[in-house]
Enquirer: 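Dumping the structure here so I can ask a few things about it.
We use all heavy atoms of the structure for the numbers below, so side chains are in, but hydrogens, waters and symmetry mates are not. Numbered from 1 within each chain, the chains take letters A, B, ... in sequence-line order. Note that this is a predicted model, so its numbers are computed, not measured.
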Amino acid sequence: MPEFQTSPGMRDILPPESGRWRRFTAVFAEVVEAAGYQQLIPPLLEDLGVFTRIGDATDVVTKEMYDFVDKGKRRVALRPEQTASVCRSFAQHRPTVPWKVFYSGPNFRYEKPQRGRYRQFDQVGVEVLGVDDPMLDVEVISLGWEFYRALGLRQVTLQLNSLGEPGDRVQYVNALRTHFEAAGERLSEQSRITLTKNPLRILDSKREPDQPFIKSAPQIADFYSEEAAAHFDAVKVGLRALDIQFVEEPKLVRGLDYYRRTIFEFLGGTLDSAQNALGGGGRYDGLVQALGGPATPGIGFALGVDRTLIACDDEGCFDAEAPQLDVFVVDAVGGLEAAVLTSDLRAVGLSVDRGYDNRSMKAQMKLANRSGASFAVIVGEQERADGAVVIKPMHGGDQATIPRSELIAHLLETMNL
RNA sequence: GUGGUCAUAGCUCAAUAGGUAGAGCACCAGGUUGUGAUCCUGGCGGUUGGGGGUUCAAGUCCCCUUGGCCACCCCA
């Protein structure tokens, strides 16, 4: 065991996995930029209040934050998510609406780590501020859906629900409280604690004793105002028009408290994991105001990079790719020839690597093979004397000796560049 | 945070009832002095996560500790 290793819940993303991560965010950017979203890069660190303001009844904010006092005596925290930062940013800069942004990057939550659950975990996501239209809900959901398709995922299910207008939600929560309080001691101990803080969350419980009471609990749909019901219906109509399959899940609640009206979650196809929530989001009208900005409707989603990649592993899509190199230079006469050749070839846009330490030709050929390069360019005593190089196709075909002055033209022609 | 489980070479694993650590892969070097992927030979590599204890003897038993994984919790 090495003296130092990564802290719990932290890890290195090594090659070739790291290349897969980069492609992941590139594909995401491609999908959402095609819909008019632009990237926002918020800081990793914010005033603690930015996060406490958004949900002081949630574990994410009350128990799991990396918060501390900095050298300037400010109370700050590593962001546990990015929606709050986006809203803070909106309230601070007041951009014109609609403000359509996307982001990607790490968040921090002090939890007990597991597979697909890390203390530093990456998310990609979008947020739109300033638009109330249910067709925007449809667009946002469809972008998540489209992104999964772009990765090659086919077994993702979309769960959909509405929490109603804030007033509806309050009434519903009261009804739930009454309902669960009637259950009294028969409710699990955990749920009795949850009941005092946020009755909605009990609907998410997996504990056996709670199940009958969850089943008989009041339905959110009965509490929708006309407005909320109309909004929700419009969203469903829109999704159907786009042929996006969804499951209405009246018991779906989200972890953060700030959600209103439309909420949704993407679930992975693998059933045997408690970590199968790939991503989710919803409307959070009121968040910007809570952070000191003008009353502004908002909606967005965040997708977990790790979990989505695990889902890709399970479905056998979006594999890590071996790097593609054009040329590997083998220099058996000291290494100076290789220095010049790699430089010249890179200058015309080819990807080129070489061997070092003046190793044997056999050893350098092994490296050339391992590098996955299409061609080996070889210089030995004979070639150096003749001003020539050997060019050898690594994936089959005969090698040829050509004048060094013709190398670049020859390579570019062969590769159709 | 609670409970369970696991921890042996860079990686994946093996080691009969406690007797003093082995394989495959990877890596390196050779296989008649200029060329890779296959094949053959050899080599490098482990105070068995760390600490303490029981024993003549511990990778194997006990305790503590660190970390991974699983469930709860929470959520991405």
Enquirer: Pick the nucleotide of RNA chain B nearest each of A:Lys392 and A:Ser360; which residue has the one closer to the 5' end?
Expert: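 Between the two, 5'-proximity favours A:Ser360.
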Enquirer: If I take atom CG in residue A:Asp306 and atom C1' in nucleotide B:C75, what distance separates them, rounded to the nearest angstrom?
Expert: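 A:Asp306 atom CG is separated from B:C75 atom C1' by 12 Å.
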Enquirer: Within the 4.0 Å heavy-atom criterion, would you say A:Glu81 contacts the bases, only the backbone, or no part of the nucleic acid?
Expert: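 Here A:Glu81 touches no strand at all.
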Enquirer: When we call it a touch if two heavy atoms are under 4.0 Å apart, what does A:Glu381 touch: a base, just sugar-phosphate, or nothing?
Expert: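 Result for A:Glu381 = nothing.
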Enquirer: Could you tell me whether the side chains of A:Gln364 and A:Asp331 share a donor-acceptor contact shorter than 3.5 Å?
Expert: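 Absent: no donor and acceptor within the cut-off.
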Enquirer: Quick one: look up who B:C72 pairs with, Watson-Crick or G-U, both distances under 3.5 Å, and put none if it's unpaired.
Expert: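 B:G1 is the nucleotide pairing with B:C72.
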Enquirer: Mind checking if A:Gln382 touches a base, just sugar-phosphate, or nothing, with heavy atoms under 4.0 Å?
Expert: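 Contact class for A:Gln382: base.
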Enquirer: From C-beta outward on A:Lys112, which listed nucleotide comes closest to its side chain: B:A76, B:U2, B:A29?
Expert: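 Given the options B:A76, B:U2, B:A29, the side chain of A:Lys112 is closest to B:U2.
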Enquirer: In whole Å, I'd like the distance from the NZ atom of A:Lys362 to the C1' atom of B:U38.
Expert: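 Distance, rounded to whole Å: 12 Å.
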Enquirer: To the closest 0.5 Å, what do you measure between CZ (A:Arg149) and OG (A:Ser142)?
Expert: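 Here the rounded value is 12.5 Å.
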Enquirer: Students often get this wrong, so: under 4.0 angstrom with heavy atoms, is A:Lys63 touching a base, only sugar-phosphate, or nothing?
Expert: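 No contact.
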Enquirer: Judged by atom type as modelled, is there a donor-acceptor pair below 3.5 Å linking the side chain of A:Arg117 to the main-chain atoms of A:Lys112?
Expert: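 Yes, the answer is positive, given that a donor and an acceptor are paired below the 3.5 Å cut-off.
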Enquirer: Would you kindly give the NE2-to-P distance between A:His395 and B:U38, to the nearest whole Å?
Expert: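 A:His395 atom NE2 is separated from B:U38 atom P by 15 Å.
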Enquirer: Nearest to the side chain of A:Thr194 - B:A76, B:C74, B:A29?
Expert: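 The closest nucleotide is B:C74.
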Enquirer: Say we look at B:C63 and B:U54: how far apart would their P atoms be, to the nearest angstrom?
Expert: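 Straight-line distance between the two P atoms is 15 Å.
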Enquirer: Base, sugar-phosphate or nothing for A:Arg370? Non-hydrogen atoms, less than 4.0 Å.
Expert: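 Since only primed, P, OP1 and OP2 atoms lie under 4.0 Å of A:Arg370, the category is sugar-phosphate.
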Enquirer: What's A:Arg384 touching, base or sugar-phosphate or nothing? Going by heavy atoms closer than 4.0 Å.
Expert: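 No contact.
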Enquirer: Between A:Asp319 and A:Glu321 (side chain of the first, backbone of the second, donor and acceptor by atom type, cut-off under 3.5 Å), is there such a pair?
Expert: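 Absent.
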Enquirer: Given B:A76, B:C69, B:A37, identify the nucleotide with an atom nearest to the side chain of A:Arg115.
Expert: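 The answer is B:C69, which lies nearest to the side chain.
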Enquirer: Suppose you measure atom P in B:A76 against the same atom in B:A26; what distance do you get, rounded to whole Å?
Expert: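 Straight-line distance between the two P atoms is 42 Å.
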Enquirer: My understanding is that a pair needs two contacts under 3.5 Å, Watson-Crick or G-U wobble. By that rule, which nucleotide pairs with B:G22?
Expert: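 With both distances under 3.5 Å, B:G22 matches B:C13.
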Enquirer: Return the 5'-most residue of the pair A:Leu278, A:Gln399 with respect to RNA chain B, ranking by each residue's nearest nucleotide.
Expert: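 Upstream on the strand: A:Gln399.
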Enquirer: From CD of A:Gln114 over to C1' of B:C73, roughly how many Å is that when rounded to an integer?
Expert: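 In whole Å, B:C73 C1' and A:Gln114 CD are 10 Å from each other.
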Enquirer: Identify which nucleotide among B:C74, B:U2, B:G36 has an atom closest to any side-chain atom of A:Glu111, counting heavy atoms from C-beta outward.
Expert: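 The answer is B:C74, which lies nearest to the side chain.
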Enquirer: Could you please spell out the steps behind the ring-ring contact (aromatic ring centres under 6.0 Å, His included) verdict for A:Phe68 and A:Tyr66?
Expert: CA-CA 7 Å; A:Phe68 59 96; A:Tyr66 279 88; 9.1 Å; no
Enquirer: Taking atom P in both B:C69 and B:C11, compute the distance separating them and give it to the nearest angstrom.
Expert: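 Comparing P positions in B:C69 and B:C11 gives a spacing of 15 Å.
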Enquirer: Which of these nucleotides, B:A71, B:G68, B:C74, is closest to any side-chain atom of A:Pro8?
Expert: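 Selected nucleotide (nearest to the side chain): B:G68.
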Enquirer: Taking the same atom, P, in B:U2 and in B:A14, what whole-Å distance lies between them?
Expert: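 My reading of the P atoms in B:U2 and B:A14 gives 31 Å.
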Enquirer: Is there a donor-acceptor pair under 3.5 Å between the side chain of A:Glu413 and the backbone N or O of A:His410?
Expert: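 No; zero donor-acceptor contacts below 3.5 Å.
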Enquirer: Classify A:Gly380 by what it touches in the nucleic acid, base, sugar-phosphate, or nothing, heavy-atom distance under 4.0 Å.
Expert: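 Answer is base: heavy atoms of A:Gly380 come under 4.0 Å of a base.
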Enquirer: Using the C1' atom on both, measure B:U55 against B:G19 and round to a whole Å.
Expert: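 That atom pair is separated by 12 Å.
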Enquirer: Would you mind classifying the nucleic acid contact of A:Gly9 as base, sugar-phosphate or nothing, using non-hydrogen atoms under 4.0 angstrom?
Expert: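 Touches sugar-phosphate only.
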